[in-house]
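Quick note on labels: first sequence line is chain A, next is B, and so on, each numbered from 1.
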There are 2 protein chains.
Amino acid sequence: MGILVVGTVAFDSVKTPEGEARDAIGGSATYFSAAARFYAPVDVIAVVGNDFPLDSLDFLRERQVDISGLEIKEGKTFRWAGEYAANMNDRRTTDTQLNVLSGFRPVLADRHREHDHVFLANLDPDVQHEVLSQSGGPGRPGIVACDTMDFWIDGKRASLLSMLNRVDVLIINDGEARQLVDDYNLVRAAERILDLGPRAVVVKKGEHGATLCTRDIWFAVPSYPVSSVIDPTGAGDTFAGGFMGYLARSGDTGVDGLKRAMVHGSVMASFNVEDFSVRRLASLTENEISDRHDRFLEMITP
Amino acid sequence: MGILVVGTVAFDSVKTPEGEARDAIGGSATYFSAAARFYAPVDVIAVVGNDFPLDSLDFLRERQVDISGLEIKEGKTFRWAGEYAANMNDRRTTDTQLNVLSGFRPVLADRHREHDHVFLANLDPDVQHEVLSQSGGPGRPGIVACDTMDFWIDGKRASLLSMLNRVDVLIINDGEARQLVDDYNLVRAAERILDLGPRAVVVKKGEHGATLCTRDIWFAVPSYPVSSVIDPTGAGDTFAGGFMGYLARSGDTGVDGLKRAMVHGSVMASFNVEDFSVRRLASLTENEISDRHDRFLEMITP
């Protein structure tokens with residue numbers, strides 16, 4: 001089963017205690033696909049400007065990623081710049097240039113509507129709605145997951161809330177989960193998010209791992225111990241790529257499938273932080289993934 | 001097999017976002033025993049002033065805890081006061097009065113020397129050395145674990161380092177692990193701590209769980225999801241109580257035993273945070289522990 005991802009393809013400029021990358025390839029759809037392609041065919045819907053070097057996405061195309069849904073628009077590509085604190089967990093955005101991303105109206109081709117699995121990366125919830133309305137024919141597709149951020153929680157709350165009622169899984173970071181339902185306690189926050197519609201919530205906690213919450217279960221994974229964290233940018237989308245990738249490949253969307261997907265998400269995210277941009281994901285092999293997956297299982301199984 | 005714990009019995013005054021407790025029963029040896037008594041007989045070595053209400057420890061004496069090693073000294077009991085931030089994870093100490101704790105020279109009775117398991121709670125490392133030299137007869141006992149804090153890492157570094165060379169397990173919080181070896185990355189920090197002598201390091205991360213590191217394995221548990229955290233004071237010592245308790249009861253001090261001990265430590269700590277002081281631990285039943293233990297295993301097993 002294939003996956004449709006709608007998100008960004010971007011230029012990132014990142015400063016971390018370990019170094020710096022300028023105008024590097026980034027974006028939520030890029031990180032997501034770079035991970036998910038190891039599990040299932042991926043179709044990307046995104047927009048770039050005509051300044052974007054398409055051959056930088058060759059590593060995706062070589063393996064299960066179709067970027068024919070990538071719109072190339074007159075103008076500049078979306079740019080993000082940020083700086084990480086010494087703890088590598090806190091970051092501040094130093095620059096955002098929406099450029100061609102503003103006014104992005106994704107149009108799905110027939111092939112895009114066929115996918116059972118859809119990931120709506122962090123975007124204007126109005127745009128997420130539009131994709132969802134176009135996808136999956138008359139009904140909605142099998143598993144829809146979405147992400148969001150503080151900007152939309154504050155600025156487009158109504159649209160976001162009705163969006164949450166249309167998705168199966170919300171994948172969100174801890175700070176935003178707290179903000180969304182105004183509760184510091186993550187256990188209560190996750191339960192309140194379930195009241196908003198999704199049948200599962202995945203709370204990403206950076207170096208502290210991630211938790212999965214449904215009406216019936218609570219499941220937590222730590223992060224894989226990485227002794228050399230270089231750049232955490234994109235770790236959340238990489239997690240989502242491993243998570244959705246596993247669900248699509250296994251076809252198992254029950255509770256046990258979701259738990260296993262959490263492990264795959266964590267493993268993929270752990271690779272991503274080992275280098276700037278998508279460098280580590282681009283060089284990754286299937287053997288490395290399965291080795292680390294097995295080691296990680298040992299590390300978390302009592 | 002029994003456990004010897006050397007630590008503090010204290011009056012705590014605590015303010016959290018959920019309320020306040022004044023002059024409540026606290027101290028590392030108190031929390032430790034309140035948890036460990038569910039697993040194995042515990043002998044307490046500590047000192048209190050003659051202002052301390054001994055009957056407040058009746059709940060310990062009723063179940064496997066021997067406090068005949070509690071020295072009662074003319075003067076006032078050790079007092080600690082602190083205040084927690086809204087996130088319940090950061091705290092600041094607002095008052096410390098050592099009182100009878102200053103100049104504490106523990107003297108072990110013959111019965112104390114018999115224990116195979118020793119927990120040296122956070123105390124002056126010189127005092128920890130002294131206890132260790134008295135315990136276990138000519139050799140050192142089977143499993144010795146210790147805790148420490150920023151104050152000793154800075155102030156008594158040499159004594160602390162030679163102490164680490166005498167223990168099997170260091171149980172320490174994340175901030176202090178980083179401080180001890182001056183490395184922000186916890187994976188590297190744990191490995192460097194192993195170089196200092198202990199064969200295992202347990203890094204406690206509050207609401208983010210705990211990790212165990214040996215030369216051969218890395219094992220992580222999240223914290224049990226508690227929807228109503230009232231007071232985190234003593235959670236680390238309660239963790240140590242469940243951890244050492246399980247080791248003493250099972251007699252299994254191999255890697256699998258250590259992993260299982262991590263789970264027990266987390267379960268016990270999760271109860272402790274549900275109320276001020278030792279209230280929750282005092283009312284706890286064996287059934288509640290085994291229920292939560294089983295639920296927790298489900299939550300962390302992929």
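- Contacts with chain A were tallied for Met299(B), Glu298(B), Arg260(B); Met299(B) has the most, counting heavy-atom pairs under 4.5 Å.
- Put simply, OH on Tyr224(A) and CH2 on Trp218(B) are 10.5 Å apart, with the number rounded to the nearest 0.5 Å.
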- Can you list the steps and then say if Val229(B) with Asn185(A) is a side-chain contact (heavy atoms from CB on, under 4.5 Å)? CA-CA 8 Å; Val229(B) 177; Asn185(A) 184 291; 4.1 Å; yes

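- Heavy-atom pairs under 4.5 Å with chain A were tallied for Ala220(B), Ala190(B), Gly209(B); the largest tally goes to Ala220(B).
- For the pair Phe219(A)/Pro302(B), a side-chain contact is recorded, criterion being any heavy-atom separation below 4.5 Å from C-beta on.
- Contacts between Leu297(B) and chain A at a heavy-atom distance below 4.5 Å involve the side chain alone, from C-beta outward.
- Interface remark: of the candidates Val226(B), Asp256(B), Leu186(B), Val226(B) forms the most heavy-atom pairs closer than 4.5 Å to chain A.
- Contacts between Ile217(B) and chain A at a heavy-atom distance below 4.5 Å are absent for every atom of the residue.
- Contact of Ala86(B) with chain A is made through the backbone alone, with heavy-atom distances under 4.5 Å.
- Most heavy-atom pairs under 4.5 Å with chain A: of the set Met262(B), Arg178(B), Arg188(B), this distinction falls to Arg188(B).
- Proximity to chain A is absent for every atom of Val221(B), based on heavy atoms less than 4.5 angstrom apart.
- Atom CG of Asp182(B) is surrounded by 12 or fewer heavy atoms from other residues, nucleotides or ligands within 6.0 Å.
- In Phe151(A), the CZ atom is not crowded: 12 or fewer heavy atoms of neighbouring residues, nucleotides or ligands sit closer than 6.0 Å.
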